[in-house]
*Asks:* 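Below is the structure I would like to discuss, written out as structure tokens.
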Amino acid sequence: MTVDDSSASLPPLDFRSDTVTKPDSRMRSAMAEAEVGDNMIDVDPTVRALEERAADVLGMPAALWTPSGTMANLAALSTHLRRGDRFLAPRNAHVLINELGSAAWLAGGMPDPLDHDGGPGRPTPATVRAAAGGDGPYYALRTTLLSLENTHNAAGGAVTPPEEHTALVAAAHDTGLRVHLDGARIWNASVALGVPPATLTAGVDSVSACFSKGLGAPVGSVLAGSVEFVEQARRMRQMLGGGVRQGGVLAAACLVALDRVDDLARDHANAKRLAAGLRDQGWDVVEPETNIVLAAAGDVSATIATLRSLGVLTLPMAGKVRFVLHRDVDDDDVTEALDRIGKGIRA
Ligand SMILES: *Cc1c(COP(=O)(O)O)cnc(C)c1O
């Protein structure tokens, strides 16, 4: 690989994550104008409006705003699991590798990763049934939860289609497991599959979703489930320090974010175009299903450093170079990135 870094001073094109998206002026004015109240003493009307709308969109009876997706997942796992319970999740799930072991350390669960034998990011129902085991004597390990992820980040934003989702939930419920869905990017899955988000939550006991990724909100996620589940999770959120007062300023941004789900189609088209362009330049690229492009490299950190010198910012993921498309990189930026990479790197 030879490098020409004459372009070192070019303004960077940021493909590190869809979390780098910044609130635009429409979002900022919605935040500035939000009606607010003390959400712990009584209620913040904008937080309540967001929770009701999010529950509706996700097809769940109730929902709870949280500051981050990590807190939403932790509140969910802490509510579902008792200490020592084993839980299943597809290998490399965010709850397994990106949340600092909090599923074990704070929620008390014993994680068991499942192979992606059903397709990228998902096990087969047979694998879930086999891993769940069944009733045993008092000294038997208890497995109580399946935690799915749609889209699956480390599998390159892979989607689980509705029929497979439903079969996985059925396998879990038949074997006595509850189901949590980490739907941080459920919006991307919904747009890619052309089905409403609620179709992708069918049967789950809880679902988390992020507003602070491709939808562009600065802060905010949601955790949805039954009314009883959300009441328990609300106590958990409080213990974790996630009870906020005039949260409406933040929830207002999440409401604007929810209006922008359809825009994700542009990110998906840009991901396909970036992947095709990289492939034309000799890169080995996984065909993207949503907004994440994984590209193989002999030396991932050296390649990321070279890309940075060309003004193209990326991060490592699953042993590859990860490019994430989002609303703050437009069509021209993708063309420009391909141009910079083509001029600077000979694969
Ligand atoms: C980003 C992400 C989260 C957590 O989101 P934060 O808001 O960054 O804490 C959870 N799950 C998946 C799959 C994610 O990609």
Side-chain angles (χ1 to χ4, degrees), residues 15-23 50 54 58 63-78 87 89-103 106-107 109 111 113-114 116 120-122 145-160 165 179-190 192 197 200-201 204 206-224 233 236-237 240-242 244 247 250-251 253-254 257 264 267 271 288-294 315-318 320 322-326:
F15 297 96
R16 289 173 301 168
S17 176
D18 42 10
T19 56
V20 302
T21 47
K22 293 178 181 160
L50 172 72
L58 293 168
L64 179 73
W65 178 89
T66 60
S68 69
T70 298
M71 189 184 286
N73 284 337
L74 180 54
L77 266 52
S78 304
F87 74 96
R91 193 173 296 285
N92 290 337
H94 200 278
V95 292
L96 298 179
I97 60 166
N98 294 114
E99 298 179 13
L100 294 92
S102 58
L106 296 170
L114 300 181
H116 299 190
R122 55 199 187 270
L145 181 72
L146 171 66
S147 184
L148 297 169
E149 188 172 308
N150 197 9
T151 68
H152 193 293
N153 185 350
V159 298
T160 300
H165 166 83
V179 179
H180 173 65
L181 172 62
D182 178 350
R185 294 190 184 80
I186 195 170
W187 322 114
N188 295 83
S190 151
L200 301 174
T201 67
V204 303
S206 58
V207 54
S208 61
C210 283
F211 303 111
S212 60
K213 296 196 163 162
L215 301 183
V219 175
S221 281
V222 73
L223 174 62
M236 213 45 89
R237 180 186 71 177
L240 296 171
V244 301
L250 301 168
C254 302
L264 297 172
D267 301 341
E289 297 178 39
T290 55
N291 67 325
I292 298 177
V293 178
L294 293 181
L315 285 175
M317 174 64 82
K320 300 200 163 149
R322 187 185 76 159
F323 297 79
V324 185
L325 283 297
H326 54 79

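Each ligand, and each atom within it, is numbered from 1 in the order the structure gives.
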*Asks:* Give me the residue, atom name and distance of the protein heavy atom closest to atom 6 (P) of ligand 1.
*Replies:*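 Answer, as residue, atom name and distance: G69 N, 3.5 Å.
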*Asks:* Do I292 and F323 have side chains that approach each other closer than 4.5 Å (heavy atoms only, starting at C-beta)?
*Replies:*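 The answer is no; the side chains never approach within 4.5 Å.
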*Asks:* Which residue and atom name correspond to the protein heavy atom nearest atom 15 (O) of ligand 1, and how close is it?
*Replies:*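 Nearest protein contact, heavy atoms only, for atom 15 (O) of ligand 1 is K213 NZ, 2.7 Å.
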*Asks:* Where on M71 is there a heavy atom closer than 4.0 Å to ligand 1, on the side chain, on the backbone, on both, or on neither?
*Replies:*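 Under 4.0 Å from ligand 1, M71 contributes no heavy atoms.
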*Asks:* Under a plain distance cut-off of 3.5 Å, with no hydrogens placed, do N150 and R122 share a side-chain donor-acceptor pair?
*Replies:*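 Absent: no donor and acceptor within the cut-off.
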*Asks:* Suppose I only count heavy atoms of E149 and a 4.0 Å limit; which atoms of ligand 1 are within that range?
*Replies:*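 Near E149, meaning under 4.0 Å from one of its heavy atoms, ligand 1 has 13 (C).
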*Asks:* Closer than 4.0 angstrom: is that true for some heavy atom of R185 and an atom of ligand 1?
*Replies:*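 For ligand 1, residue contact (heavy atoms, under 4.0 Å) with R185 is present.
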*Asks:* Would you call V293 and F15 a side-chain contact if the rule is heavy atoms closer than 4.5 Å?
*Replies:*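 In short, these two side chains do not touch, never coming nearer than 4.5 Å.
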*Asks:* Would you please say whether a donor-acceptor pair under 3.5 Å links the side chains of H180 and S147?
*Replies:*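 Per modelled atom types, H180 and S147 side chains form no pair under 3.5 Å.
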*Asks:* Identify the residue among K213, R322, R185 that makes a salt bridge (charged side-chain N to carboxylate O under 4.0 Å, His left out) with D18.
*Replies:*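 One option only clears the test, and that one is R185.
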*Asks:* Kindly confirm or rule out an N or O of N153 lying under 3.5 angstrom from an N or O of ligand 1.
*Replies:*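 In this structure, N153 places an N or O atom under 3.5 Å from an N or O of ligand 1.
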*Asks:* Hey, is the main chain of T19 close enough, under 3.5 Å, to the side chain of H326 for a donor-acceptor pair?
*Replies:*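 Checking the backbone N and O of T19 against the side chain of H326, no donor-acceptor pair under 3.5 Å is found.
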*Asks:* Just to be sure I read this right, does ligand 1 sit under 4.0 Å from the backbone of C210, its side chain, both, or neither, counting only heavy atoms?
*Replies:*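 Contact part for C210 vs ligand 1: side chain (C-beta onward).
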*Asks:* Would you kindly specify which portion of E99 sits under 4.0 Å from ligand 1, judged on non-hydrogen atoms: side chain, backbone, both or neither?
*Replies:*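 Side chain only; the backbone of E99 stays clear of ligand 1.
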*Asks:* What part of S68 sits under 4.0 Å from ligand 1 if we count only heavy atoms: the side chain, the backbone, both or neither?
*Replies:*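 For S68, backbone and side-chain atoms both sit under 4.0 Å from ligand 1.
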*Asks:* For the side chain of W187 and the backbone of P197, is there at least one donor-acceptor N/O pair under 3.5 Å apart?
*Replies:*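 Side chain of W187 to backbone of P197: no pair is present.
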*Asks:* What residue and atom, counting heavy atoms only, is the protein's closest point to atom 9 (O) of ligand 1, and at what distance?
*Replies:*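 Here the closest protein heavy atom is T70 OG1, 2.6 Å.
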*Asks:* Among all protein heavy atoms, pick the one closest to atom 11 (N) of ligand 1 and tell me residue, atom and distance.
*Replies:*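 In this structure, atom 11 (N) of ligand 1 has D182 OD2, 2.6 Å as its nearest protein heavy atom.
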*Asks:* Where's the contact between N73 and ligand 1, heavy-atom distance under 4.0 Å: side chain, backbone, both or neither?
*Replies:*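 Just the side chain.
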*Asks:* Check V207, L148, T201 against V179 for a side chain to side chain contact (heavy atoms under 4.5 Å, CB included) and give me the one that passes.
*Replies:*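 Of the listed options, the one satisfying the test is L148.
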